[in-house]
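Fair warning: this is a prediction, and the values are worked out from it, not measured in the lab.
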Amino acid sequence: MGSLVLCHDKHAAHPYEITRIHCKIFTIEELCYYLCNNLYLIDYTIMNEQLCAWLDEELGMNDLAGMLRDVIRMHGTVEKFVLTILKYSKIYRDPEMIRIQNVLERLKNQKDIERQKYKADNLLESGEIEEAILVYQAILNQEKDETVDAKFYGRIYAGLGAAYGKQFLYQESAKMYDRAYQICEDRALLKPYLYASYKYMSLEEYHILLTKHDEYVEINAQMRQEMEDIKENLQLELNDVMLEKWKRQYRRSHI
């Protein structure tokens, strides 16, 4: 996840088990790797005396164990607990530590389901499309969380729509955007919905779709104009490139 700059040679005789995922950890590097790859799902369960004792007795990290016990005793945050471990290990460089701190700050006070969505959104943004889809789907497959508003789930469908679109699965993308619009009633969702529909439907099917809603005709016209503007700009850029090329050729031929 980041650039490793230091390796610790201590290997625990008895592993520490992350009970939430039944993962056994033998080194400080493995612990840090787990923390950094699960920032979105870390909760108070990681903040316990058992981990402190394991670091103390198995890895001989008495100072770190003492600092973590202080965090617990002072009722510190989970974020502070995690950062204390990562900073002490000196495994990650400063830019990566800043990124981790920013993520933890963003996640502070968020519900578990919101953390999951934030993880999926970041996976989608970073191009890890299949992983993002799995997280979005996992949210939808869970029992509905009544503590978030209904539009939260609309945004999940919109995320899936974007993810499927990036995989050129336009029919699935259109279905997700349609579900998102039905929940959120956000006009901004109609444009990607119509675009995805246009990409997988026949021309006749698409024209029939446009007749079903007055707004569809208006948005389709906007999309056509945007496409024309893009083509025009691309043509102007191409003309500029060709003109510059001809100028260079002319200069060379007259030297």
Cationic N near anionic O, under 4.0 Å, K108 to E105 = yes

Cluster check M176, M201: I/L/V/M/F/W/Y, side chain < 4.5 angstrom = no

key: For the student: nearest non-hydrogen atoms of L194 and N220, plus distance   = CD1-N, 4.2 Å

query = Are I18 and I91 joined in one hydrophobic group, where the rule is that I, L, V, M, F, W and Y side chains link up if heavy atoms are under 4.5 Å apart?
reply = yes

request  = Taking atom types as modelled, find out whether E204 and S202 have a side-chain donor-acceptor pair closer than 3.5 angstrom.
outcome  = no

query = Quick one: does I133's side chain get under 4.5 Å of L123's, heavy atoms only?
reply = no

key: L55 vs I28, side-chain contact (heavy atoms from CB on, under 4.5 Å): CA-CA, chis, key distance, verdict   = CA-CA 8 Å; L55 289 166; I28 187 66; 4.1 Å; yes

key: Any side-chain heavy-atom pair of K87 and Q101 under 4.5 Å   = yes

task = Answer whether the closest heavy-atom distance between the side chains of K80 and M74 falls below 4.5 Å.
result = no

query = Could you give the distance from NZ (K119) to OH (Y136), rounded to the nearest 0.5 Å?
reply = 12.5 Å

query = Around N141, counting heavy atoms of other residues, nucleotides and ligands shown, do more than 12 lie under 6.0 Å from its CG?
reply = yes

task = Write down the atom of L209, the atom of Y216, and the distance for their closest heavy-atom approach.
result = O-CD1, 3.3 Å

request  = Kindly compute the distance separating CD1 (I46) from CD1 (I85), expressed to the nearest 0.5 Å.
outcome  = 6.5 Å

message = Students often mix this up, so state it plainly: with edges at 30° and 60°, are the rings of W54 and Y16 parallel, tilted or perpendicular?
response = tilted

query = Please, which pairs that meet side chain to side chain donor-acceptor pair (under 3.5 Å) have at least one residue in residues 177-189, sequence neighbours excluded?
reply = Y157-R179, D178-Q182, R187-E215, R187-E218

Non-hydrogen atoms of C184 and G154 that approach each other most closely = SG-CA, 3.6 Å

task = Taking D56 for its side chain and C52 for its backbone only, find out whether a donor-acceptor pair lies under 3.5 Å.
result = no

message = Please report the interatomic distance CG(L68) to CD(E49), rounded to the nearest 0.5 Å.
response = 10.0 Å

message = Quick check: closest heavy atoms across E30 and K24, and the distance to 0.1 Å?
response = OE1-O, 4.2 Å

task = Measure the CD1-CD distance between I113 and Q142 for me, rounded to the nearest 0.5 Å.
result = 5.5 Å

query = Any side-chain heavy atom of L31 sitting closer than 4.5 Å to one from L59?
reply = no

inquiry  = Are the side chains of H14 and E57 in contact, using a 4.5 Å heavy-atom criterion?
reply    = no

message = For residues M97 and M67: do they belong to one hydrophobic cluster (side chain heavy atoms under 4.5 Å, members Ile, Leu, Val, Met, Phe, Trp, Tyr)?
response = yes

request  = Check G161 against S173 and note the closest heavy-atom contact, atom names and distance.
outcome  = O-OG, 2.7 Å

request  = Look at the side-chain heavy atoms of Ile, Leu, Val, Met, Phe, Trp and Tyr, link any pair under 4.5 Å apart, and say whether L169 and Y195 land in one connected group.
outcome  = no

ask   = Looking only at atom types and distance, does a side-chain atom of Y153 sit under 3.5 Å from a main-chain N or O of V148, one as donor and one as acceptor?
value = no

NZ/NE/NH1/NH2 to OD/OE distance under 4.0 Å, E172 and K175 = no

ask   = Can you check whether V103 reaches E79 side chain to side chain, under 4.5 Å on heavy atoms?
value = no

query = Going hydrophobic residue to hydrophobic residue with side-chain gaps under 4.5 angstrom, can you get from F168 over to Y193?
reply = yes

inquiry  = Below 30° counts as parallel, above 60° as perpendicular, anything between as tilted: where do the rings of Y198 and Y206 land?
reply    = perpendicular

ask   = Can you tell me if OH on Y118 sees more than 12 non-hydrogen neighbours from other groups inside 6.0 Å?
value = yes

ask   = Is L160 close to L140 at the side-chain level, that is, under 4.5 Å between some pair of heavy atoms?
value = yes

inquiry  = Return the CD to SG distance between E96 and C36, rounded to the nearest 0.5 Å.
reply    = 6.5 Å

request  = Grab the two heavy atoms, one from A163 and one from I129, that are nearest each other, plus how far apart they are.
outcome  = O-CG2, 3.4 Å

key: Side chains of L124 and K166 in contact at under 4.5 Å (non-hydrogen atoms)   = yes

inquiry  = The test is side-chain contact (heavy atoms from CB on, under 4.5 Å); show your working for E114 and F152 and say whether it passes.
reply    = CA-CA 9 Å; E114 293 173 325; F152 174 86; 4.1 Å; yes

Spacing of Y33 atom OH and I25 atom CD1 [to the nearest 0.5 Å] = 11.5 Å

key: N102 atom CG: more than 12 heavy-atom contacts under 6.0 Å   = yes

